[in-house]
Amino acid sequence: MTLTQGNQPPGAIRLGAALLVGGLLLTGCGGAGGSADESGHKSSRGSADEPAVPSGPDVLAPEGTPEGTAEGAAGEDRRSTFALDVDTASYGYARRSLGEGRLPEPGTVRPEEFVNSFRQDYPRPEGNGFSVTVDGARTGGDGWRLMRVGLATARPPAEGERPPAALTFVVDISGSMAEPGRLDLVRESLTTLTGRLRADDSIALVTFSDEARTVLPMTRLGPPGGEHRDRVRGAVDTLEPTDSTNLEAGVETGYATAVEGVRAGATNRVVLLSDALANTGATSADTILERIADARREHGITLFGVGVGSDYGDALMERLADKGDGHTTYVSSAADARKVFVQQLPAHVQLRAREAKAQVEFDADTVVEHRLLGYENRRVADDDFRADSVDGGEVGPGHTVTALYAVRLRDGAEGEVAEATVRWLAPATRAPREASGRVTVSDLDGELWSSDTTPRLRVAAVAGYFADRLGGTAERRGFPGTPTLPQLSDHVQQLVPVTEDADVRRLREAIREAMRLGVRQ
């Protein structure tokens, strides 16, 4: 497999490497030589200050290239294009549902969010942008392989090196938030976060139920123990559940407050904490976001959605985040909240890439058929890959994004299987950048469940196949190579001691709960 990092036009630079693509709040590329990651693979390095990649129809696929947006036969549609997604809420909500003895609704199961909930060991670039890694393995004797496309951004900067943050928290205080594990968890999380942010960070607080109000305008925190931090904690302590859920009013007031307190040179973000069970005002994500479109475009304010509650408006929150240039997660415990607000939010508060999209181009001489697992609502028309006005995903530091493909090869196939390219806009200048990686037949020759296959590829496979079983929708049924739940349980059991990862242990428990609840085997 070869890998390219940098900002050259597709095909201009290709350097050697080897492996592949989870993340959280706000979301790198890189010269020859590279540095080895923990698995011993090498990544090439490049500068994010190199010339920008041209835009427009002149640099699209060569004339005569087949076009399309769906997966299928490589000769008919050899390109697969999607916006990047670092959401993880679907998996968090599914784990909570299973833990409470009920199956998640199939429509809330998004396989890419299951896969992206787990740490990967891809090489990291320097600066903004991405590294690209492509690998995979055999899944059976019928010609199918599982191919993993992995994208990774540079790790978060050291404390003090990131820009200041201006965070507007929009908190749902409707009656449904009275349930334990909702508003009480939000109060605890915000209080803890206030103590962890820097002196030059700012916080504003907006609440909403049937109406919305700004409880605290944008306030610079100042040194620990100072009066400004006390003001924030005092405002958080006043949060109590009241009436209905006018999410539209909350988002609109939140953005108005964020615009009023916008800080040049800072990362400006709205953080929405809600069960997203809107029952007053507009309840459509498009309608809600239309009201604050100018704030998003002119000030670059992004939206981060944090879902809570056993009853949760997953579809609305996910749509809000996608259309609001942000992403979502879900918290159901104090441990989840600490991970999001204490460990990740302060570190991931800046962006590494805007409007990021990926395109995988398959070689019709070696590939008979390809299918992408998940990303159904993030698909992009192939010819819009380099149309930078078409919405992509926003990605912060330390994130990884993984896409899993089932790929059926021709008998006796040799040579290149696919080239994966990621395109994004530089966060500050919005200049387009690209990085690419390639994979060959020999890179996919190992057996997926062999101990010789990297554990993180196997973890990604278990998570993706588990989602495929849980989803239960007609278009997802029978993703090639999907094992039964008992088989997945055996595979993940072998991975627990190898990875020593608490998240993998929790995946094992979720699979066992699904088996007890009688999920289709």
Side-chain angles (χ1 to χ4, degrees), residues 1-4 10-11 14 16-21 41 61-62 64-82 111 115 132-150 358-375 379 382 402-421 436-454 456-458 460-462 464-465 468-469 474-484 487-488 490-491:
M1 177 198 67
T2 61
L3 172 149
T4 298
R14 292 189 174 88
L19 213 118
L20 186 47
V21 92
H41 291 91
T65 296
E67 60 178 294
T69 59
E71 311 309 300
E76 299 170 359
D77 179 21
R78 58 188 178 94
R79 291 180 289 170
S80 169
T81 310
F82 58 93
V115 175
V132 181
T133 311
V134 190
D135 64 0
R138 296 175 180 269
T139 60
D142 52 2
W144 285 101
R145 319 287 172 99
L146 185 71
M147 188 181 89
R148 181 177 61 160
V149 175
Q359 184 169 87
V360 181
E361 186 165 345
F362 292 89
D363 190 319
D365 291 335
T366 55
V367 178
V368 176
E369 187 178 359
H370 58 87
R371 300 183 196 174
L372 173 60
L373 180 62
Y375 291 95
R379 303 293 171 91
D382 293 334
T402 301
L404 297 178
Y405 285 88
V407 180
R408 186 159 64 92
L409 302 183
R410 299 187 185 280
D411 292 341
E414 296 181 355
E416 186 169 310
V417 173
E419 179 179 28
T421 302
S436 298
R438 291 185 169 193
V439 66
T440 65
V441 172
S442 62
D443 295 321
L444 308 179
D445 262 351
E447 296 296 333
L448 178 58
W449 304 116
S450 166
S451 59
D452 294 331
T453 299
T454 174
R456 290 293 160 183
L457 172 56
R458 287 182 278 156
V462 170
Y465 288 143
D468 185 52
R469 288 291 182 191
E475 62 270 22
R476 290 182 188 160
R477 244 181 229 120
F479 186 74
T482 299
T484 65
Q487 289 172 328
L488 286 176
D490 290 342
H491 293 318

Atom [atom1] in [X], atom [atom2] in [Y]: separation rounded to 0.5 Å?
| X | Y | atom1 | atom2 | answer |
| --- | --- | --- | --- | --- |
| F479 | L373 | CZ | CG | 4.5 Å |
| D365 | E416 | CG | CD | 10.5 Å |
| R456 | D135 | CZ | CG | 13.5 Å |
| T366 | R408 | OG1 | CZ | 12.5 Å |

Looking only at heavy atoms, what is the nearest atom pair of [X] and [Y], with distance?
| X | Y | answer |
| --- | --- | --- |
| T421 | S436 | OG1-OG, 2.8 Å |
| A403 | L372 | CB-CD1, 4.0 Å |
| R371 | W144 | NE-CH2, 4.0 Å |
| A420 | V134 | CB-CG2, 4.0 Å |
| A461 | L448 | CB-CD2, 4.1 Å |
| G374 | R379 | O-NH2, 2.9 Å |

*Apply side-chain contact (heavy atoms from CB on, under 4.5 Å) to the pair R148 and T454, showing each step before the final yes or no.*
CA-CA 12 Å; R148 181 177 61 160; T454 174; 3.8 Å; yes

Treating [X] as the side-chain partner and [Y] as the backbone partner, does any N or O pair qualify as donor plus acceptor under 3.5 Å?
| X | Y | value |
| --- | --- | --- |
| R469 | Y465 | no |
| S80 | V360 | no |
| R138 | E447 | no |
| R458 | T453 | yes |

_Taking side-chain contact (heavy atoms from CB on, under 4.5 Å) as the criterion, tell me which of D443, V417, L409 meets it with R145._
L409

_Is any side-chain heavy atom of V462 closer than 4.5 Å to one of W449?_
yes

*Return the orientation label for the F82 and Y405 ring planes: parallel under 30°, perpendicular over 60°, tilted otherwise.*
tilted

_Tell me whether the count of non-hydrogen atoms from other residues, nucleotides or ligands lying under 6.0 Å of CD in E414 goes above 12._
no

